[in-house]
Amino acid sequence: MFKYLYYVVALIIYILGLPLMFIKMRKPRYIETIPARFFYRNNPKLPADKVWFHANSLGEVKGLVGITEQFEKNDLCISVATNTGYKQAHEMASNVRYLPFEIFLPFWVVKQKILVVTEAELWYMLFYMAKNKGTPTFMINARVNSKKYEKYKKFAWLYKRIFKNIDKVYAQRELDKTRLEEFGAKNVSVTGNIKLVNMPQVTKELKKPEGMMIVAASTHRTDKEEEKLILGAWDRTQGRLVIVPRHPERFDEVDELIEEYIEENQLD
């Protein structure tokens with residue numbers, strides 16, 4: 001009974017929330033995904049009886065490298081939500097898709113050997129449909145963000161329903177395990193952060209500049225206000241400034257912003 005009620009409620013929420021959803025998806029990493037996630041454009045069902053991983057974006061997909069290397073590419077399926085994650089996943093698996101929005105999943109999900117979902121991708125219909133098709137379900141690198149913990153508690157009733165369809169959970173920390181169990185997770189083990197398994201590889205060696213260097217790392221506000229504030233607060237006498245945007249698709253726009261700042265302030 002609940003599954004039908006949930007689907008009706010989800011449908012109403014999606015319809016009412018479409019304007020807000022489209023505003024959010026104006027971000028470069030999402031906008032290219034709209035046709036695939038809403039209309040299945042170039043995004044057919046995954047082939048059946050594969051090992052299916054779902055990861056939200058680039059960082060989560062890269063975190064899977066050590067695991068996916070244990071399988072043949074043809075045996076793997078990876079679904080994602082961002083264009084950068086999509087590009088990375090193509091280097092790791094033969095079958096890569098954008099995950100459709102929840103209301104479309106009943107018509108898209110097919111039986112797999114296993115479904116492995118990363119971190120905090122707790123979508124009711126994703127797990128329910130996988131279990132309904134006879135697919136064992138796992139969560140890895142699972143976490144509950146401290147900043148969002150109070151929001152999670154407001155929807156505890158929903159998360160308890162979600163975890164009923166998850167067979168095994170591997171958490172990052174003991175704290176995550178405690179919180180996940182509070183929301184109904186069962187068979188929870190602590191395995192640490194899988195992203196730490198893949199040590200960074202040197203791809204290019206750059207000569208270290210002389211003097212002090214200030215690094216503004218993982219900037220991510222799409223309206224560029226964060227970078228503007230950093231540039232405005234920067235004092236050249238303190239050292240060189242390096243800005244590192246969180247998302248690669250923003251490199252060009254931040255580079256243009258820096259060039260504009262240099263010209264406006266007549267810097268060399």
Side-chain angles (χ1 to χ4, degrees), residues 33 36-37 43-82 84-102 104-106 108-145 152 159-173 176-177 179-181 183-198:
T33 74
R37 301 185 72 189
N43 199 48
K45 295 179 181 180
L46 290 167
D49 295 316
K50 303 289 184 180
V51 177
W52 178 15
F53 289 89
H54 173 66
N56 182 59
S57 57
L58 179 62
E60 289 80 9
V61 175
K62 283 188 172 181
L64 291 173
V65 170
I67 300 174
T68 57
E69 286 178 342
Q70 309 304 312
F71 300 90
E72 295 292 331
K73 289 181 69 173
N74 288 336
D75 292 333
L76 285 176
C77 295
I78 300 179
S79 59
V80 298
T82 67
T84 50
Y86 187 83
K87 293 173 184 176
Q88 175 65 35
H90 266 291
E91 299 179 11
M92 301 159 53
S94 298
N95 306 288
V96 180
R97 304 286 192 274
Y98 287 112
L99 186 73
F101 289 106
E102 277 204 277
F104 305 113
L105 289 178
W108 191 83
V109 173
V110 297
K111 184 181 183 300
Q112 305 292 350
K113 292 178 181 176
I114 188 173
L115 167 63
V116 182
V117 178
T118 64
E119 301 203 7
E121 292 291 282
L122 289 166
W123 301 106
Y124 176 83
M125 198 60 72
L126 173 61
F127 287 106
Y128 173 77
M129 290 309 304
K131 287 294 293 181
N132 189 56
K133 299 288 184 178
T135 302
T137 55
F138 290 73
M139 279 201 79
I140 60 172
N141 223 35
R143 59 184 174 83
V144 178
N145 189 310
Y152 273 68
Y159 292 120
K160 290 182 187 297
R161 292 284 183 176
I162 294 173
F163 280 115
K164 284 185 176 181
N165 293 305
I166 303 177
D167 297 315
K168 177 70 179 177
V169 178
Y170 295 95
Q172 292 187 19
R173 306 170 298 169
D176 293 312
K177 176 182 178 181
R179 289 175 174 173
L180 289 163
E181 289 177 334
F183 296 128
K186 55 185 183 293
N187 297 327
V188 184
S189 299
V190 178
T191 54
N193 191 333
I194 64 171
K195 291 180 179 178
L196 300 179
V197 175
N198 304 310

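Just so it is clear, the structure is predicted and the values come from calculations on it, not from any experiment.
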Are [X] and [Y] packed together at the side-chain level, in the sense that at least one heavy-atom pair is separated by less than 4.5 angstrom?
| X | Y | value |
| --- | --- | --- |
| Ile140 | Leu64 | yes |
| Leu126 | Glu121 | no |
| Tyr152 | Leu122 | yes |
| Tyr128 | Arg161 | no |
| Val61 | Phe53 | no |
| Lys160 | Lys164 | no |

Looking only at heavy atoms, what is the nearest atom pair of [X] and [Y], with distance?
| X | Y | value |
| --- | --- | --- |
| Pro47 | Arg97 | CD-NH2, 4.0 Å |
| Leu99 | Arg37 | O-NE, 2.8 Å |
| Val80 | Ala89 | CG1-CB, 4.3 Å |

- Report the relative orientation of the aromatic rings in Phe138 and Tyr170; use parallel for angles under 30°, tilted for 30 to 60°, perpendicular for over 60°.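 If you compare the ring of Phe138 with that of Tyr170, the planes turn out parallel.
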
- Non-neighbouring partners of Tyr86 that pass ring-ring contact (aromatic ring centres under 6.0 Å, His included), sequence neighbours left out: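 Counting only residues at least two positions away or on another chain, Tyr86 forms a ring-ring contact (aromatic ring centres under 6.0 Å, His included) with His90, Tyr98.
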
Would you check if the side chain of [X] reaches a backbone N or O of [Y] as a donor-acceptor pair within less than 3.5 Å?
| X | Y | result |
| --- | --- | --- |
| Arg173 | Val190 | no |
| Gln172 | Arg143 | no |
| Glu60 | Ser57 | yes |

- Which pairs with one or both residues in residues 125-142 pass salt bridge (charged side-chain N to carboxylate O under 4.0 Å, His left out), sequence neighbours excluded?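 Residue pairs passing salt bridge (charged side-chain N to carboxylate O under 4.0 Å, His left out), neighbours aside: Lys131-Asp167.
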
- To the nearest 0.5 Å, what is the distance between CG (Leu115) and CD1 (Ile166)?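 These two atoms lie 9.0 Å from each other.
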
- Can you name the one residue among Asn193, Thr118, Thr191 that meets side-chain hydrogen bond (donor to acceptor under 3.5 Å, both in side chains) with Asn141?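 It is Asn193; the other options fail the test.
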
- Message: Just checking Lys111: does its NZ atom have more than 12 heavy atoms from other residues, nucleotides or ligands closer to it than 6.0 angstrom?
- Response: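 Count over threshold, so yes.
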
- Within a reach of under 6.0 Å around NZ of Lys168, are more than 12 heavy atoms found that belong to other residues, nucleotides or ligands?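 Atom NZ in Lys168 is crowded, with more than 12 foreign heavy atoms closer than 6.0 Å.
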
- According to the side chain to side chain donor-acceptor pair (under 3.5 Å) rule, which pairs have a member within residues 68-80, sequence neighbours left out?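 Found Trp52-Ser79, His54-Ser79, Asn74-Ser94.
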
- Task: Check step by step if side chain to side chain contact (heavy atoms under 4.5 Å, CB included) holds for Val117 and Thr137.
- Result: CA-CA 8 Å; Val117 178; Thr137 55; over 6 Å; no

- Item | Steps toward side chain to side chain contact (heavy atoms under 4.5 Å, CB included) verdict (Trp108, Met129) | CA-CA 9 Å; Trp108 191 83; Met129 290 309 304; over 6 Å; no

- Task: In sequence, state the C-alpha distance, the side-chain angles, and the governing distance for Glu119 and Lys195, and then conclude on side chain to side chain contact (heavy atoms under 4.5 Å, CB included).
- Result: CA-CA 11 Å; Glu119 301 203 7; Lys195 291 180 179 178; 3.0 Å; yes

- Message: Using side chain to side chain contact (heavy atoms under 4.5 Å, CB included), reason through Val169 and Phe163 one step at a time and then give a plain yes or no.
- Response: CA-CA 9 Å; Val169 178; Phe163 280 115; 4.2 Å; yes

